[in-house]
Amino acid sequence: MSENILRRGRLSQTPERKVLEYTTSLPFDREIFESDILCNIAHTRMLMERGIIPEEEGRRIIEELVKIWKEGMEALDLDPSLEDIHMVIENELIRRLGEDVAGKMHTGRSRNDQVATDIRLTLREKVLLILKKLINLEKTLISLAEEHLETLFVGYTHLQHAQPTTYGHHLLSYLSMLERDIQRLLDGYRRINISPLGCGAMATTGFNIDRRRTMELLGFEGLIENSMDGVSTRDFILETMAHLSILGTNLSKICEELILFSTYEFGVIELSDTYTSTSSIMPQKKNPDVAEIARAKLSTLNGNLVSALTILKALPNTYNRDLQEVTPLLWSSVYTILDTLEMVEGMLRTLKVKRERMRELAEGNYSTATELADTLVRECNISFRSAHGIVGEAVRRAIEEGRDLVDVMEEVLKKYNLTLEREKIERALDPMENVKVRKVIGGPAPEEVKRAIGSYLKRIEDYEKEVDNKIEKIENVKKKLLEL
Ligand code: ARG
């Protein structure tokens, strides 16, 4: 540790190992290793093109960077006194090419614009990966919904029977909320994919660098112009983490319903053995552990977000080392979402639907009472409020007297001098009839759910194209930089 390229000038003492380990970012810099190589190559190439460093030396630097990338981070001397991956790579480069050549790479640049660039490069790829998995989950939901266009089920409000629906319609509610997650991530992507490179430490540089050139080489869609903001802001991280928290909230609703619906009491679905566990003592048990773990893991996204917000709140301009502690929170949220998306998709894909039990629930507990009131409005020319009162009274009496609602209904109608054929009462109380007449946009009628599926499919195709184009663009950028 005698000749530390970072500390040797200004500082005379090396901190104790404990201090170095406390402050280093190397353990989580793993995530930005490749991005840092790309960033170095793009910067070096621009320096050569601008004549800021000699062409021949730039070429040697880039060749060596590619070798270092190929050998991987594990091959490097991860000395914590070098603080981070930026210095580790530069140190290695200097070891290989000598300081007179390799020492030129950091001309007109700072670790501050470097790390901000690296995080954006890695994050954009992670977001695209998340989008791919989200789109895959949407497709699984669609094929499941197609199977269950006519599978009667009951809908809940307050977790009490509300109105009949179909399981297909229920699944479409998941599809609908997850589409907004796709839209949010795609929108946020525009604010991730902009280049802070060239902002320097905080005031750019007096060298005649070309920020647009490095932007283009790295496949960024724009610049974050102001150099103070460029190195200081981590709002793109906050925004992404907020989006992941919202996505996590949506996924936790699906997990919760998988847990609830697979209970003996609901009994409308059965999870595949692959996504369940049993008890060490109770031999009969089939527990929904994967969904439970997912429900819990997704909560950590909110903790991560609040931690990041709290670290960043009231930090002065521009770079503060505090920023380093935000990044691992981001990666933690990213990996939790990536893994959980896979689990949720798998649970849904392998799920067994118990149609008979779903129908039984839809038929019981007066979930069709709204349609009976609506029928009174149409057939007896009374207001909805009056009809609501009459049906409510009939349901109360049917429960109290333990009688069939149709019989009670006839008596109650008589009391109010109204007539409605028994057959019409029966039809109003038929759950499938209830579903069929609800063909308004967004409703559960099979024909409407089918139409909705068609339009989701089209939009999902568009999202997928957009994501694939972005992935291809990044692949090309990487290929060009790493194959020079
Ligand atoms: N490891 C640092 C981080 O993650 C890199 C930037 C260090 N810059 C500095 N001025 N110490 O933020």
Side-chain angles (χ1 to χ4, degrees), residues 28 31 119 122-142 144 159 170-192 234-262 269 271 275-276 287-313 325-351 456 460 463 467:
F28 40 87
E31 300 297 339
I119 298 169
T122 298
L123 182 56
R124 68 179 182 185
E125 288 194 60
K126 300 287 185 213
V127 167
L128 293 173
L129 212 59
I130 292 169
L131 279 161
K132 282 297 263 187
K133 287 191 195 275
L134 247 175
I135 288 167
N136 190 36
L137 172 57
E138 292 273 76
K139 287 180 178 171
T140 299
L141 282 166
I142 285 185
L144 201 55
L159 209 52
H170 192 115
L171 291 165
L172 239 54
S173 76
Y174 298 162
L175 199 74
S176 171
M177 69 184 184
L178 295 175
E179 184 186 16
R180 288 188 298 279
D181 290 304
I182 293 178
Q183 292 167 344
R184 266 188 289 273
L185 287 168
L186 278 173
D187 187 57
Y189 188 89
R190 297 187 291 135
R191 286 176 291 281
I192 295 169
R234 294 292 184 272
D235 59 3
F236 66 102
I237 294 185
L238 290 181
E239 187 181 354
T240 306
M241 290 177 80
H243 291 168
L244 296 185
S245 267
I246 298 171
L247 168 57
T249 304
N250 286 338
L251 291 174
S252 75
K253 171 185 277 189
I254 299 179
C255 290
E256 173 62 21
E257 292 196 340
L258 292 175
I259 293 166
L260 201 61
F261 290 171
S262 61
I269 59 162
L271 291 169
Y275 293 98
T276 55
N287 295 326
D289 292 35
V290 178
E292 293 173 289
I293 295 285
R295 193 170 56 179
K297 279 190 195 277
L298 291 169
S299 309
T300 67
L301 303 179
N302 300 347
N304 289 343
L305 172 60
V306 171
S307 295
L309 282 165
T310 312
I311 293 171
L312 292 170
K313 179 174 177 296
E325 295 304 297
V326 172
T327 324
L329 298 166
L330 170 66
W331 305 138
S332 156
S333 292
V334 161
Y335 285 115
T336 300
I337 278 291
L338 281 170
D339 292 344
T340 308
L341 278 169
E342 229 171 274
M343 294 302 134
V344 172
E345 191 277 331
M347 284 190 281
L348 288 163
R349 185 169 26 81
T350 54
L351 172 92
Y456 280 119
I460 287 168
Y463 299 134
V467 170

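- Within the 4.5 Å cutoff, no side-chain heavy atoms of L238 are placed close to those of V326.
- A 4.5 Å side-chain heavy-atom check between L185 and L128 finds every atom pair outside the cut-off.
- Without hydrogens or angle criteria, S262 side chain to L258 main chain gives a donor-acceptor distance under 3.5 Å.
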TODO: Report the C-alpha distance between Y456 and K139 in whole Å, list the side-chain angles of each, state the deciding distance to 0.1 Å, and finish with yes or no for side-chain contact (heavy atoms from CB on, under 4.5 Å).
DONE: CA-CA 10 Å; Y456 280 119; K139 287 180 178 171; over 6 Å; no
TODO: Check step by step if side-chain contact (heavy atoms from CB on, under 4.5 Å) holds for T276 and N287.
DONE: CA-CA 5 Å; T276 55; N287 295 326; 5.9 Å; no
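- Between N302 and S245, the shortest heavy-atom contact is OD1-OG, 2.9 Å.
- Two residues are said to be in side-chain contact when any heavy atoms from C-beta on lie closer than 4.5 Å; K297 and Y335 fail this criterion.
- Side-chain contact between L123 and W331 is present, with heavy atoms from C-beta onward closer than 4.5 Å.
- Interatomic distance, CG of L305 versus CE of M241, reported as 5.5 Å (0.5 Å rounding).
- Using a 4.5 Å heavy-atom threshold, the side chains of Y463 and L131 count as separate.
- When all heavy atoms of C255 and V344 are compared, the closest pair comes out as SG-CG2, 3.8 Å.
- Checking side-chain atoms of T122 against main-chain N and O of E31 turns up a donor-acceptor pair under 3.5 Å.
- Salt bridge status for E257 with K253: absent, with no side-chain N to carboxylate O gap under 4.0 Å.
- In this structure, I142 CD1 and L175 CG are separated by 5.0 Å, a value rounded to the nearest 0.5 Å.
- Between L341 and N136, every side-chain heavy-atom pair lies at or beyond the 4.5 Å cut-off.
- Taking all atoms of both residues into account, the shortest heavy-atom contact from L329 to A308 is CD1-N, 3.7 Å.
- Between D181 and R184 there is a salt bridge, with a side-chain nitrogen of the basic residue lying less than 4.0 Å from a carboxylate oxygen of the acidic one.
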Task: Evaluation steps, side-chain contact (heavy atoms from CB on, under 4.5 Å), between L144 and R349 - done: CA-CA 8 Å; L144 201 55; R349 185 169 26 81; over 6 Å; no
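- When all heavy atoms of I254 and M177 are compared, the closest pair comes out as CG1-CE, 3.7 Å.
- Contact check for L178 versus L251: side-chain heavy atoms found under the 4.5 Å cut-off.
- Under the 4.0 Å criterion applied to side-chain N and carboxylate O atoms, K133 and E345 are not assigned as salt-bridge partners.
- Residues T336 and T340 share a closest heavy-atom pair of O-OG1, 2.6 Å.
- The minimum heavy-atom distance linking L298 with S252 is given by the pair CD1-N, 3.6 Å.
- Between I192 and I237, the closest side-chain pair of non-hydrogen atoms is not below 4.5 Å.
- No donor-acceptor distance shorter than 3.5 angstrom exists from the side chain of S176 to the backbone of L172, with no hydrogens or angles considered.
- In this structure a side-chain-to-backbone donor-acceptor pair under 3.5 Å is missing from T300 to A296.
- Note: M343 CE to L137 CG = 12.5 Å, rounded to the nearest 0.5 Å.
- F236 CZ to Y189 OH: the interatomic distance, rounded to the nearest 0.5 Å, is 13.0 Å.
- The line from CG of L247 to CD1 of I337 is 4.0 Å long, rounded to the nearest 0.5 Å.
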TODO: Carefully, step by step, assess V467 and L186 under the rule side-chain contact (heavy atoms from CB on, under 4.5 Å).
DONE: CA-CA 8 Å; V467 170; L186 278 173; 4.2 Å; yes
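- With values rounded to the nearest 0.5 angstrom, L134 atom CG is found 9.5 Å from N250 atom CG.
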